[in-house]
Each structure stands twice: as C-alpha cells, then as structure tokens.
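Structure, as structure tokens:
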Amino acid sequence: MSDTTGTIYTETVIYSATEAFAADVPYQTAIVTLDSGGRVTGRILGERVRIDDRVARVEFRDGVPFFRKLA
Amino acid sequence: MRPVAVIGIGKTPFGAFPGRDLRSLAVEAGEKCLRNGHAAPGQVDAFFLGNFAGPSFVGQSHLAPYVSTALGIHGVPSTRVEAACASSGSAFFHAYTGVASGVYDCVLVVGVEKMTSQPTPKVTEILAGAGDCAGEIKAGSTFASLFAMIARRHMYQFGTTREHLAAVAVKNHANGALNPDAQMRKVITMEQAMNGKPIADPLNLYDCSLISDGAAAVLLAPAERAGEFTDKPVRVLGIAQASDFVALDQKPDITTFPAVRRASGKAYAMAGVGPADIQLGELHDCFTIAEIIAIEDLGFAPRGEGGPFTLEGHTARTGDKPINTSGGLKSKGHPVGATGVAQICDLVLQMRCEAGERQVPRHSLGLAQNLGGSGATCVVTILGTV
C-alpha cells in the first residue's frame with residue numbers, strides 16, 4: 001500500500017494565518033488518511049478538495065507533505 | 001481524601017486593557033478573592049498560577065512567585081501550571097488534590113493571561129504553540145483551522161449545519177450582554193453569526209472566542225473549615241483531569257474528545273451524579289463547534305445531536321440545561337490561562353445566587369469543562385451546594 005496516496009479525512013481553507021503563512025492566504029490544509037495507514041496533516045496544491053476525495057503527495061517542503069487531487 | 005470547598009472567588013473584568021500588565025491583573029483577582037473569602041495572605045498554604053504563555057506574550061518567566069509575592073504570600077510553595085487553554089483548570093485540579101489529601105489547608109489559585117499587547121498574527125502564532133509544531137502547525141494550521149477541520153468532519157458525519165454553529169454564538173452573546181464583566185456585551189443575530197468574516201472554513205469570526213486580558217482566582221479549603229471563611233461555601237463534589245494526543249491527526253476520531261469523556265466520567269462517578277442531574281454548565285466554547293461536541297461528550301445530548309440540542313433552545317439561559325450563562329469564552333472573553341478558574345467563579349456566582357440579571361432558577365449542581373488545545377487536556381469539575 002502506498003504512502004504517497006490517500007483519502008481526505010477532513011479539510012479547511014484558511015483565511016487568517018500567522019505571519020509565516022500570511023502571504024499564502026487563502027490556502028487549504030487537510031488531514032489525509034494514507035493508503036499505507038495512519039494520518040498526516042498537509043497542504044493542498046491546485047484544485048480544492050473535499051472529504052473522501054483521493055489525493056497524491058506531489059512533494060515535501062521542509063518536511064511538510066503537499067498533496068494534489070487525483071482525477 | 002477529605003471534602004473540599006470553594007470559599008472565595010475574585011475576577012477582573014475581561015477585555016483589552018492597554019494600561020494593565022499581567023501581574024496587576026493577577027494581583028487584582030487574587031486580592032478580590034482573598035477579601036471575598038475573608039482570608040489574609042498569611043493564611044495561604046500554597047499558591048498555584050494557571051498561565052499558558054506569559055513568557056511569550058509579555059516576556060516574563062518564573063511567574064508564580066512573581067505574582068504570589070506581590071499578593072503578600074511569602075515562603076510557601078508557589079507553582080505555575082501550563083496546559084494550554086486548560087492551564088488554570090489544571091492548576092485548580094492540582095490545588096484540589098493538595099487540599100483533599102491533607103497536604104495543605106488553604107490554597108489560592110489564580111489564572112491569568114495578558115494577550116492584547118501582541119498583534120493578532122503574533123497571538124495566533126503563540127496560540128499555535130499548543131499544537132504539534134513539528135507537524136500540523138508547520139503545515140500552516142492555526143487553532144481556528146484545527147477546529148474548522150473538526151467542524152467539517154462533524155458536519156460530514158452527523159449533518160451538523162452552519163446554523164447550529166451560529167446558534168451557539170447567538171446564545172452566548174445574549175448571555176454575555178448581561179454580564180458586566182464580559183468583554184463583548186453585544187447581542188448578535190443569526191444573520192450576523194452566519195455571515196461573519198471567514199477565518200477558516202466553515203468557521204467565521206463569530207465562531208471564534210476573543211483575544212483577551214484578564215485574571216480570575218478561587219480560594220480552596222477543607223469543607224470542615226469552610227465556615228471559618230464564608231457562609232456561602234460551594235463544595236467540589238467531583239473533579240478529574242485527563243489527557244490525549246496533542247496532534248489532531250493522531251486522534252482516531254476527531255468528532256469526539258476522549259479526554260472530555262474520561263474526565264467527565266470520573267467526575268460524575270466521584271460526585272455520584274449523572275449528566276441529567278447537572279443543572280447548569282460552563283463549557284469550553286473556544287470555537288462554537290467545541291461547545292457542540294462538549295455537550296455530546298458530557299452526555300447532555302446524544303452523539304451528533306449537540307447542534308440540534310442547541311438550536312432547540314435547551315442550552316439557553318431559559319432552557320432546561322443552561323450552558324455558559326456567563327457568555328462563555330465567546331462573549332465573556334478568553335484570556336487563555338484565566339479561563340478554567342473563571343468558569344469556576346461563574347458557576348459559584350450562580351450557586352450563591354449572585355449572578356444578577358443572568359441568574360438561573362436551578363443552581364445547586366453545576367459543571368465546568370475546561371479544554372486544552374484540540375483536546376489534549378481536559379479538566380471537568382462538578383460543584384454543588386447540596
């Protein structure tokens with residue numbers, strides 16, 4: 001089972017952030033249930049996702065996983 | 001273990017007080033409390049301070065003796081307790097265990113936070129320190145966003161709606177409008193609560209508690225000695241603290257807080273009562289969804305029905321289970337480290353029939369629920385005059 005693909009468990013779009021993320025608003029974060037088991041909190045790139053959407057990890061930035069919606 | 005009573009309470013108003021520093025707020029609450037309990041500083045056997053982030057907010061550490069000596073309390077154990085938003089609930093729990101076990105007689109607990117000297121993005125960053133900074137926070141989460149993700153999942157699993165969330169805000173503002181010590185004494189409409197500025201979907205500004213300065217204090221003593229201090233003692237009938245994961249993504253189910261279920265289960269058992277017996281509650285509404293889930297975890301409503309229970313008016317001041325008659329964190333204010341002790345003060349006011357315009361008719365058995373972070377700490381206290 002892959003640890004690079006998974007399913008959205010929950011998500012939010014953030015409009016009010018700390019200084020470090022102020023330039024990114026609005027941005028989406030999500031908790032992803034990985035196909036390999038376990039959950040991780042990451043960022044969503046591109047199209048917004050909803051609960052149950054399938055996603056794939058496309059990169060790590062400073063240890064943070066970034067996911068993109070699978071077609 | 002011997003029975004313990006609250007023999008004194010004291011609070012500052014909650015709000016934004018540019019001219020006040022942390023210590024002056026804590027001292028004001030402590031002095032009011034000692035006066036209220038007819039006790040002298042020299043009678044205090046131990047001091048506990050609940051404070052989340054004084055070192056970050058105002059740059060001061062070693063806060064417990066910094067405050068207690070200013071109150072004229074010298075030489076005795078003086079300890080700061082930090083458990084995020086449950087800091088002073090936890091301080092209260094540890095003070096209780098000290099009195100119940102017989103180690104101390106008279107213990108003063110003060111909770112304080114001075115938040116408004118920092119701009120909002122900095123406050124957001126300091127609060128985020130109560131999350132998992134190596135995981136969820138590094139990914140850009142704020143506390144509002146963590147509770148937003150909880151709300152999303154609760155909506156998905158149980159059909160909770162935006163209207164349910166708004167009903168919590170409208171109710172708590174209606175209560176806070178009657179509380180002279182509340183930060184935002186403003187009634188709001190459902191329409192306003194539904195359409196606030198977005199913070200983290202599905203939560204808007206009206207779903208979020210306030211950034212506040214303030215302090216609260218309680219004085220504890222063995223119940224058998226309460227009569228020496230006050231003719232209106234309130235008994236601690238049940239109390240428990242429980243813990244859980246700090247990171248939200250480690251919890252198997254984010255629509256319930258196991259620490260709340262565990263703490264309340266133990267507190268109910270200790271008091272020999274159940275959820276149906278509780279006549280009023282001060283619950284931790286840091287975000288509207290948190291009150292809805294607390295209602296469910298404490299057993300006031302079945303799982304998934306906290307939203308409808310609120311919309312139907314059960315938790316209103318005039319309902320059969322009044323929740324947050326003080327206005328809650330939402331309207332009264334949320335100086336993080338003061339909140340747990342402030343909840344106790346507000347219950348005691350109701351139980352002594354001193355709650356003024358917001359007084360409820362049934363007030364002999366009350367429950368306070370103080371939550372830290374996204375559920376990693378919970379303290380539940382059951383107070384009674386019976």
Side-chain angles (χ1 to χ4, degrees), chain A residues 1-70, chain B residues 56 118-158 160 196-205 207-208 211 245-255 287 289 374:
Chain A
M1 294 293 267
S2 171
D3 68 351
T4 61
T5 54
T7 305
I8 297 294
Y9 173 67
T10 188
E11 51 76 26
T12 183
V13 175
I14 299 174
Y15 296 88
S16 177
T18 61
E19 201 92 327
F21 293 89
D24 296 357
V25 295
Y27 58 93
Q28 190 169 34
T29 61
I31 296 179
V32 178
T33 306
L34 299 172
D35 292 344
S36 56
R39 291 202 186 115
V40 65
T41 306
R43 287 276 293 272
I44 303 298
L45 291 173
E47 191 184 342
R48 299 283 193 231
V49 297
R50 304 177 65 166
I51 291 175
D52 288 341
D53 279 350
R54 297 281 299 155
V55 292
R57 195 185 71 216
V58 288
E59 60 181 297
F60 269 115
R61 290 186 206 163
D62 191 24
V64 175
F66 280 66
F67 294 88
R68 198 179 279 278
K69 186 174 175 178
L70 284 170
Chain B
S56 303
Q118 300 288 348
T120 299
K122 183 68 179 173
V123 173
T124 306
E125 182 188 317
I126 293 169
L127 292 174
D132 177 5
C133 294
E136 59 198 8
I137 303 305
K138 207 171 170 185
S141 297
T142 60
F143 259 90
S145 81
L146 295 175
F147 278 87
M149 291 200 291
I150 291 169
R152 267 276 186 263
R153 189 72 199 181
H154 201 273
M155 289 169 149
Y156 172 86
Q157 285 184 212
F158 302 110
T160 299
K197 182 183 127 188
I199 299 294
D201 287 335
L203 304 184
N204 70 46
L205 190 63
D207 293 296
C208 305
I211 294 171
F245 296 111
V246 166
L248 191 63
D249 56 24
Q250 288 189 43
K251 288 159 59 86
D253 182 349
I254 65 172
T255 62
F287 299 95
I289 185 65
S374 55

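Every chain is numbered from 1, with letters handed out A, B, ... down the list of sequences. Both backbone and side-chain heavy atoms feed into the values below; hydrogens, waters and symmetry mates do not.
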d(A:Asp62 CG, B:Lys138 NZ) to nearest 0.5 Å is 4.0 Å

Flag the one option from B:Pro198, B:Ala148, B:Ala247 with the top tally of heavy-atom pairs under 4.5 Å to chain A.
-> B:Pro198

Nearest heavy-atom pair of A:Ile14 and B:Ser141: which atoms, and what distance?
-> CD1-CA, 4.3 Å

Checking heavy atoms, do the side chain of A:Ala22, its backbone, both or neither come under 4.5 Å from chain B?
-> neither

Any B:Lys122 side-chain heavy atom under 4.5 Å of A:Glu19 side chain = no

Give me the one residue out of B:Thr142, B:Asn204, B:Asp201, B:Ile199 that meets side chain to side chain contact (heavy atoms under 4.5 Å, CB included) with A:Tyr15.
-> B:Asp201

What do you reckon, is CZ of A:Arg50 surrounded by more than 12 foreign heavy atoms closer than 6.0 Å?
-> no

Of the non-hydrogen atoms in A:Ile51 and B:Arg153, which two are nearest, and what is the gap between them?
-> CG2-NH1, 3.5 Å

Counting N and O atoms only, with roles assigned by atom type, does the side chain of B:Asp249 sit under 3.5 Å from a partner on the main chain of A:Thr41, one being a donor and the other an acceptor?
-> yes

Is any side-chain heavy atom of A:Tyr9 less than 4.5 Å from a side-chain heavy atom of B:Ile254?
-> yes

Can you see which heavy atom on A:Gly42 is nearest to which on B:Ala139, and at what distance?
-> CA-CB, 4.4 Å

Is A:Arg39 reaching over with its side chain to a backbone N or O of B:Lys251, donor-acceptor style, under 3.5 angstrom?
-> yes

Quick one: are B:Met149 and A:Thr29 in side-chain contact, heavy atoms under 4.5 Å?
-> yes

Answer with side chain, backbone, both or neither: which region of B:Pro252 has an atom nearer than 4.5 Å to a non-hydrogen atom of chain A?
-> backbone

Choice from B:Gly135, B:Ala144, B:Pro121 maximising heavy atom contacts with chain A below 4.5 Å | B:Pro121

Tell me, do B:Phe147 and A:Thr12 make a side-chain contact under 4.5 Å, heavy atoms counted?
-> no

